[in-house]
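All remarks here apply to the structure that follows.
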Amino acid sequence: MDVSWILNDLNEPQRAAVTAPLGPLRVLAGAGSGKTRVLTRRIAWLMAMENASPWSILSVTFTNKAAAEMRGRVEAMLEHPLGGLWIGTFHGIAHRLLRQHWQEARLPRSFQVLDSSDQTRLVKRVLRDLNLDDKKWPPQSATHFINRCKDDLQRPADVIADQKPAQRQYLNIYTLYQQECDRSGLVDFGELLLRAYELWRDHPDLLTHYRERFQHLLVDEFQDTNTIQYQWVRLLSGGQGDVFVVGDDDQCVYGFRGSKVENIQRFADDFPGAQTLRLEQNYRSTGAILHAANALIAHNTARLGKNLWTDAGLGEPIQIYAAYTETDEARFVVERIRQWVEAGGKRREAAILYRSNAQSRIFEETLISAAMPYRIYGGLRFFERAEIKDALAYLRLVANRHDDPSFERAVSTPPRGIGERTLDLLRNTARTANSSLWQAAGSLLTAGVLGGRAAHAVRTFINLIEALDHESRRLLLPDRVAQIIALSGLRDMHEESKLDKGEMRIENLEELVSASAGFVTQSDPVIIGVDPNEPDWLNAFLTQAALESGERQAGPGEDCVQLMTLHMAKGLEFPLVFLVGWEEGLFPHGRSSTEERQLEEERRLAYVGVTRAQTRLYLSYAESRRLYGQENHPAPSRFVGEIPEEFIHDVRARAKPRIRVATAPTSPPKPVSGTVPAGLRPRQRVRHAKFGEGVVLKVEGEGYHTRAWIDFPKTGGPKWLIPAYTKLDIV
Ligand code: ATP
Ligand code: MG
């Protein structure tokens with residue numbers, strides 16, 4: 001059979017990975033070396049050569065966007081749709097399993113997914129119920145404790161509370177929080193994974209079913225799996241079978257959320273007979289970008305170590321801009337994008353990558369005033385706005401009456417005369433009866449214990465929700481959303497509002513309707529896990545809103561500038577990249593600069609950023625910055641100083657970074673390939689594998705930092721090359 005279409009544009013090690021015999025295999029390789037490409041081809045290979053049906057394949061990617069792209073590529077290669085193939089994120093796949101097996105998972109059919117801010121709200125309520133002062137017991141710490149336990153597969157009963165009273169208190173909070181979630185049919189992100197794990201662990205018949213079904217398991221970005229994700233893969237595969245994982249330890253950037261780079265190492269022990277393959281050629285970036293990235297990451301000590309080289313020429317140097325202020329930085333970036341577009345480039349080829357979400361605002365503002373469309377990926381912006389959360393509370397209550405956080409939100413927005421006293425009564429009744437607020441409201445009305453006005457207000461609210469559900473049930477999702485918004489009174493509330501924000505809020509509510517319309521037309525029911533014959537769009541939409549927020553600033557097909565955090569950029573690539581805000585305190589992030597382990601994670605993030613760029617890379621920092629309402633005069637990031645001078649061009653003369661890392665190696669980073677030819681001189685003749693024969697015109701720097709300006713008359717003229725990184729033979 002002719003398989004050249006799967007293999008012909010792969011290099012030897014990539015081919016070896018794609019065609020490897022079935023069995024556990026890990027591919028360990030640096031950025032841009034083709035890991036994701038190899039994983040995609042492997043899926044095609046399995047179907048074409050191993051007779052695998054789409055049914056038997058489960059592939060895990062980092063985002064839903066990546067999943068959709070991967071599915072599209074394989075479909076294009078095989079020229080038929082892949083209905084049964086499961087592909088998505090760990091959370092997405094777990095969610096899908098739970099929807100299918102809600103009974104075995106002991107969940108109500110219409111369980112709701114809590115996003116992180118809903119989760120915090122619920123934790124706050126638990127703190128109130130326990131009479132704990134949230135200054136002493138910060139909700140964020142409690143949430144962190146809960147999530148960490150879940151990531152480590154620990155139910156409250158499994159947590160071994162040590163003698164520390166604080167630990168015991170957090171355990172109490174966790175216990176009560178979980179009871180609330182279970183009672184209300186709410187599932188947080190960590191719970192999705194834990195439930196799905198327990199589902200298989202506790203139902204051997206189901207596990208057997210899925211083991212027999214999913215003969216082939218593939219995982220991209222394996223370095224960022226946490227304990228439960230790793231154990232989930234182990235459980236499903238039974239520690240053997242065809243498990244194909246790809247990853248790069250230098251790109252592990254979710255340590256703060258529990259991802260464990262050790263999982264890459266453990267793989268070899270836990271999956272007997274596992275093969276390891278390495279890819280070393282980078283196809284994404286120019287030489288200057290790649291070498292700068294290699295030099296930067298060489299400052300980390302905890303590494304598995306790899307070689308990564310390119311046969312691309314050095315390309316342009318990395319341009320560093322020392323901005324006066326954050327506004328100047330934004331202006332500079334937008335101006336350069338404008339020039340790029342004028343020169344024939346596309347806006348979507350440009351990415352602005354930042355460390356913290358809050359940095360986006362100034363770029364948004366500048367882009368808007370330059371009338372340049374943009375799009376923010378993954379930020380919680382749109383769905384975090386208050387008016388959107390209000391509308392979602394109604395939608396969720398329609399989907400599930402026992403969703404207490406949504407009940408609390410909807411019952412008081414718009415205000416309907418239900419005071420704190422009545423609400424407290426509802427809460428207490430619910431707690432005593434171990435019921436939801438909805439049920440408590442019902443029983444209080446029946447018992448007739450509420451005063452006339454309060455009873456009337458509560459009854460009106462209950463009737464309203466019932467009516468919303470009843471009257472909208474047969475409508476298409478966007479009509480349903482529009483109707484619920486209208487009847488909830490939210491729209492009127494903003495229309496009457498004297499504040500100028502009212503109009504904007506109504507626009508946002510309208511945007512929610514378009515978001516739901518877009519969701520229905522653009523979603524692949526298979527990916528989002530709804531039954532294609534009987535899709536429950538409302539639930540699926542609400543889940544989507546919780547899982548993936550933002551993303552709606554520019555229309556889907558529109559050519560627009562891409563904005564996202566460095567974390568979101570993992571796995572992506574862009575011809576033109578701006579890495580902004582490289583300042584001590586901002587990046588590395590304030591709390592990370594003193595602790596070595598955290599600092600190394602920040603540096604990996606910097607490495608991820610640099611390696612997103614294909615041809616042109618800008619780094620910038622501001623000498624004065626107003627952020628979170630304060631004016632600062634930060635020092636340039638130490639990471640700027642870790643990029644060798646020979647790859648840099650200064651747009652404006654700048655102060656040198658003042659901070660050096662104590663553990664930075666004193667010797668220069670090791671070259672990735674080639675050697676330093678002693679005494680490279682002008683007029684010498686050399687040969688390069690790709691550019692052929694050339695003549696040295698000029699030599700600058702010394703040792704590993706030597707660079708040479710070499711004329712290759714047959715392949716496009718003179719180029720800068722770094723002999724330490726490029727193999728040059730003297731002829
Ligand atoms: P990351 O670590 O950032 O996730 P990766 O290892 O997954 O990177 P890919 O995204 O698969 O790398 O590939 C990087 C780029 O190189 C892509 O544009 C890909 O199409 C291209 N590429 C990979 N292998 C080859 C090859 N053999 N020939 C030409 N281009 C290639
Ligand atoms: Mg990748």
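Each ligand, and each atom within it, is numbered from 1 in the order the structure gives. Starting from 1, each residue takes its place in the sequence as its number.
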**Message:** Are more than 12 heavy atoms, taken from residues, nucleotides or ligands other than Arg73, located less than 6.0 Å from that residue's CZ atom?
**Reply:** no
**Atom CZ of Arg338 with >12 non-hydrogen neighbours under 6.0 angstrom** = yes
**Asked** Just distances here: any N/O of Gly32 and N/O of ligand 1 closer than 3.5 Å?
**Response** yes
**Prompt:** Can you find an N/O atom of Gln614 closer than 3.5 Å to an N/O atom of ligand 1?
**Reply:** no
Suppose I only count heavy atoms of [X] and a 4.0 Å limit; which atoms of ligand 1 are within that range?
X: Asn11; value: 27 (N)
X: Gly571; value: 4 (O)
X: Gly34; value: 5 (P), 6 (O), 9 (P), 11 (O), 12 (O), 13 (O), 23 (C)

Closer than 3.5 angstrom, by distance alone: can the side chain of [X] be matched with the main-chain N or O of [Y] as a donor-acceptor pair?
X: Glu584; Y: Arg638; value: yes
X: Glu600; Y: Arg597; value: no
X: Arg15; Y: Leu10; value: yes
X: Arg616; Y: Glu316; value: no
X: Asn282; Y: Leu308; value: no

**Item:** Mutual orientation of the aromatic rings belonging to Phe189 and His91 [parallel < 30°, tilted 30-60°, perpendicular > 60°]
**Value:** tilted
**Prompt:** Using the ring of each side chain (for Trp, its six-membered ring), is Phe578 parallel, tilted or perpendicular to Tyr618, with breaks at 30° and 60°?
**Reply:** parallel
Is [X] near ligand 1, meaning one of its heavy atoms is under 4.0 Å from it?
X: Arg612; result: yes
X: Asp9; result: yes
X: Asp248; result: no
X: Ala31; result: yes

Can you tell me which residue and heavy atom of the protein come closest to [atom], and the distance to 0.1 Å?
atom: atom 14 (C) of ligand 1; result: Glu573 OE1, 3.5 Å
atom: atom 24 (N) of ligand 1; result: Gln14 NE2, 3.0 Å
atom: atom 19 (C) of ligand 1; result: Arg37 NE, 3.8 Å
atom: atom 2 (O) of ligand 1; result: Lys35 NZ, 2.6 Å
atom: atom 10 (O) of ligand 1; result: Arg284 NH2, 3.1 Å
atom: atom 28 (N) of ligand 1; result: Tyr283 CE2, 3.4 Å

**Message:** Exactly one of Lys306, Lys260, Arg604 should register a salt bridge (charged side-chain N to carboxylate O under 4.0 Å, His left out) with Asp249. Which one does?
**Reply:** Lys306
